[in-house]
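Read through the structure below, which is laid out as structure tokens, and then see the notes.
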Amino acid sequence: MDRVVVVATLTVKEGMEDRALEVLGPVVDGTHAEAGCLTYAIHRDAADPRTFVVVEHWTSQVALDNHFVQPHMAELAAHAAELLAEPPVVRFCHPLALGDPVKGSL
């Protein structure tokens, strides 16, 4: 199967930035241990500290599907109402082989 890239944008409620980091830490640790996880990196928007962008790279759709049923993802979902100011924006992408193969891929 083709590799899958996910870009998710999470906007947390005002004043919940530190709490979001507390919740996201174990999610990152758990995800990094999953089979099929090539990259799972959380970034903070430089212009809006309430916005976090997660960039994920998976070996396959099967690996990504398995990610969604892990206990650390259920724990993250349990905190969504507490933390999120709006529903997350999630994009599922397939990488394209354009340009330099090293610089043009995750």
Side-chain angles (χ1 to χ4, degrees):
M1 284 198 153
D2 290 333
R3 292 182 177 193
V4 181
V5 174
V6 180
V7 179
T9 303
L10 311 172
T11 303
V12 301
K13 295 175 183 173
E14 192 166 336
M16 296 302 285
E17 299 88 348
D18 290 341
R19 177 70 179 129
L21 291 173
E22 291 173 7
V23 171
L24 290 169
V27 173
V28 171
D29 292 339
T31 301
H32 285 173
E34 290 180 47
C37 175
L38 298 171
T39 305
Y40 190 87
I42 299 184
H43 307 271
R44 192 175 219 164
D45 189 302
D48 180 2
R50 293 176 41 227
T51 300
F52 297 87
V53 178
V54 184
V55 180
E56 311 173 33
H57 189 190
W58 296 89
T59 56
S60 67
Q61 185 64 49
V62 170
L64 177 59
D65 291 343
N66 186 54
H67 166 66
F68 289 126
V69 299
Q70 296 303 308
H72 49 269
M73 293 305 293
E75 183 68 19
L76 177 61
H79 291 284
E82 167 196 1
L83 296 174
L84 296 180
E86 58 192 51
V89 176
V90 182
R91 290 184 170 83
F92 301 92
C93 310
H94 294 286
L96 300 176
L98 299 173
D100 183 304
V102 174
K103 294 180 181 181
S105 65
L106 295 175

Checklist entry - Between L38 and W58, which heavy-atom pair has the shortest distance, and what is it? => result CD1-C, 4.0 Å

Checklist entry - Is V53 linked to V12 within one hydrophobic cluster, defined over Ile, Leu, Val, Met, Phe, Trp and Tyr using a side-chain heavy-atom separation of less than 4.5 Å? => result no

Checklist entry - If you group Ile, Leu, Val, Met, Phe, Trp and Tyr by side-chain heavy-atom gaps below 4.5 Å, do I42 and V5 land in one group? => result no

Checklist outcome for this item: When R3, H57, E56 are each screened for side chain to side chain contact (heavy atoms under 4.5 Å, CB included) with L64, the one that passes is E56

Next on the checklist: For H67 and H72, take the angle between the two ring planes, folded into 0 to 90°, and tell me which bin it lands in: parallel under 30, tilted 30 to 60, perpendicular over 60.
Outcome noted: tilted

Checklist entry - Given L24, which of T31, V54, L76 fulfils the side chain to side chain contact (heavy atoms under 4.5 Å, CB included) condition? => result L76

Checklist entry - What pair of heavy atoms forms the shortest contact from A63 to A35, and how long is it? => result CB-O, 4.0 Å

Next on the checklist: Is there a path of hydrophobic side-chain contacts, each under 4.5 Å between heavy atoms, that joins F68 and L84?
Outcome noted: yes

Checklist entry - Do any N or O atoms from the side chain of K13 and from the backbone of R50 form a donor-acceptor pair under 3.5 angstrom? => result no

Item to check | Listed partners of D48 passing side-chain hydrogen bond (donor to acceptor under 3.5 Å, both in side chains), at least two apart | outcome: T51

Next on the checklist: Using 0.5 Å steps for rounding, measure from the CZ atom of F52 to the CG atom of D45.
Outcome noted: 10.0 Å

Item to check | Atom pair OG/CG of S60 and N66 - distance to nearest 0.5 Å | outcome: 9.0 Å

Checklist entry - Salt bridge check: are E17 and R44 linked by an N-O gap of less than 4.0 Å? => result no

Next on the checklist: Please determine whether residues V89 and L10 belong to a single hydrophobic cluster, defined as Ile, Leu, Val, Met, Phe, Trp and Tyr linked transitively by side-chain heavy-atom distances below 4.5 Å.
Outcome noted: no

Item to check | Pairing residues for D29 by the side-chain hydrogen bond (donor to acceptor under 3.5 Å, both in side chains) criterion, not counting sequence neighbours | outcome: none

Next on the checklist: With a 4.5 Å cut-off on side-chain heavy-atom distances among I, L, V, M, F, W and Y, is there a chain of contacts connecting L21 to M16?
Outcome noted: yes

